[in-house]
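To start, the structure itself, in structure tokens.
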Amino acid sequence: MIVAIDGPAASGKGTLARRIAGHYRLPHLDTGLLYRGVGQIMRDRGFPLDNVEIAAAIAENLDLADLDAEKLRTREAGEAASVVAAHGPVRRALLDLQRAFAAQAGGAVLDGRDIGTVIAPGAEAKLFVTASPQERARRRFRELVGRGECADTDEALAAVLADIARRDERDSGRADAPLTVAADAVTLDTTDLGIEQAVAAALAAVEARR
Ligand code: C5P
């Protein structure tokens with residue numbers, strides 16, 4: 001069984017993907033990490049993010065084993081990711097790796113922006129996880145404050161909301177694989193749901209497709 005989970009930044013799709021993968025004992029790939037990895041390497045080496053050729057070459061040589069999830073979860077890496085993710089050649093360079101992961105014999109769970117539409121259009125279960133921009137900003141803000149990456153002030157919360165709005169616009173507005181809901185996806189709005197309620201709803205949606 002392939003489970004495809006898509007949705008905007010900080011919608012809770014990563015948490016749900018991990019929980020679904022744990023429930024069915026399936027391998028899980030957070031595909032945002034691939035784009036974050038490319039964006040972070042560009043930054044570390046001082047390349048401008050709009051250099052498509054270099055970004056594509058880095059994507060081509062990306063090794064899953066080298067991606068450090070903790071280090072890549074920063075705001076800067078997320079911002080850089082959404083810039084390089086708009087480059088068609090970067091997306092194409094990461095296609096085989098993601099499709100190979102999805103094609104593993106026992107199945108897999110992948111989460112991102114284009115899993116149900118581009119990477120695994122034949123996935124048995126597709127979820128589109130979303131929440132209001134305010135709620136997503138609040139969650140991301142809490143996470144950043146918890147990690148000491150951001151001050152606990154109203155101004156900082158407003159800045160996180162602006163970040164989210166900019167990323168939504170970039171991810172939905174790009175020409176190549178924009179964030180859209182697959183025709184056969186189940187939409188799960190987690191704005192008013194606690195984590196356990198969201199997990200239960202997600203598992204029920206997957207079970208219904210199995
Ligand atoms: O999900 P996450 O916030 O880690 O993703 C970072 C960025 O990577 C997103 O804003 C998006 O631009 C890009 N991305 C993508 N396609 C995916 C996963 C992530 O374009 N499948």
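As a basis for the values below, the full set of heavy atoms in this structure was taken, side chains included, without hydrogen atoms, waters or symmetry mates. When a ligand or atom number is given, it counts from 1 through the structure's own listing order.
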inquiry  = Considering both backbone and side-chain atoms of D114, is one of its nitrogen or oxygen atoms within less than 3.5 Å of a nitrogen or oxygen in ligand 1?
reply    = yes
request  = Kindly say whether L62 contributes a backbone atom to a donor-acceptor pair with the side chain of D66 at under 3.5 angstrom?
outcome  = no
request  = Check the side chains of R139 and T190 for a donor-acceptor pair under 3.5 angstrom, ignoring hydrogens and angles.
outcome  = yes
query = Okay, side chain of R170, backbone of G173: is any donor-acceptor separation there less than 3.5 Å?
reply = no
key: Minimum heavy-atom distance D111-A17, with the two atoms named   = OD1-CB, 3.6 Å
note = With heavy atoms and a 4.0 Å threshold, my read on which part of R170 contacts ligand 1 is neither
ask   = For atom 12 (O) of ligand 1, which protein heavy atom lies nearest, and how many Å away is it?
value = D171 OD1, 2.6 Å
ask   = Which atoms of ligand 1 sit under 4.0 Å from any heavy atom of A81?
value = 6 (C), 7 (C), 8 (O)
query = Does any N/O atom on R167 come nearer than 3.5 Å to any N/O atom on ligand 1?
reply = yes
query = If you measure only the distance, is there a donor-acceptor pair under 3.5 Å linking the side chains of E207 and Y24?
reply = yes
message = Give the atom numbers and elements of ligand 1 that come within less than 4.0 Å of a heavy atom of A85.
response = 12 (O), 13 (C), 20 (O)
query = What is the nearest protein non-hydrogen atom to atom 16 (N) of ligand 1, stated with its residue, atom name and distance?
reply = R91 NH2, 3.0 Å
request  = Check whether any side-chain heavy atom of V3 lies under 4.5 Å from a side-chain heavy atom of M1, and answer yes or no.
outcome  = yes
inquiry  = Give me the residue, atom name and distance of the protein heavy atom closest to atom 14 (N) of ligand 1.
reply    = Y35 CD1, 3.6 Å
key: Interfacing atoms of ligand 1 (cut-off 4.0 Å, heavy-atom, T31)   = 17 (C), 18 (C), 21 (N)
request  = Looking only at non-hydrogen atoms, find the nearest pair between S11 and T130 and report the distance.
outcome  = CB-CA, 3.9 Å
ask   = Quick check: does Q98 get an N/O under 3.5 Å from an N/O on ligand 1?
value = no
key: Spacing of D171 atom CG and I164 atom CD1 [to the nearest 0.5 Å]   = 10.5 Å
message = Considering both backbone and side-chain atoms of R140, is one of its nitrogen or oxygen atoms within less than 3.5 Å of a nitrogen or oxygen in ligand 1?
response = no
task = Using atom types as modelled and distance alone, determine if a side-chain donor or acceptor of R209 lies under 3.5 Å from a backbone N or O of K126.
result = no
inquiry  = Less than 4.5 Å apart, side chain to side chain, heavy atoms only: is that true for L67 and L34?
reply    = yes
task = Quick one: look at R73 and ligand 1, take heavy-atom pairs under 4.0 Å, and tell me if it's side chain, backbone, both or neither.
result = neither
request  = Any atoms of ligand 1 less than 4.0 Å from a non-hydrogen atom of G32? List them with their elements.
outcome  = 4 (O), 5 (O), 18 (C), 19 (C)
query = Which one holds for A9 and ligand 1: side chain close, backbone close, both close, or neither close, with close meaning a heavy atom under 4.0 Å?
reply = neither
note = Closest heavy-atom approach to atom 15 (C) of ligand 1 among R113, R166, H87, R36 is made by R113
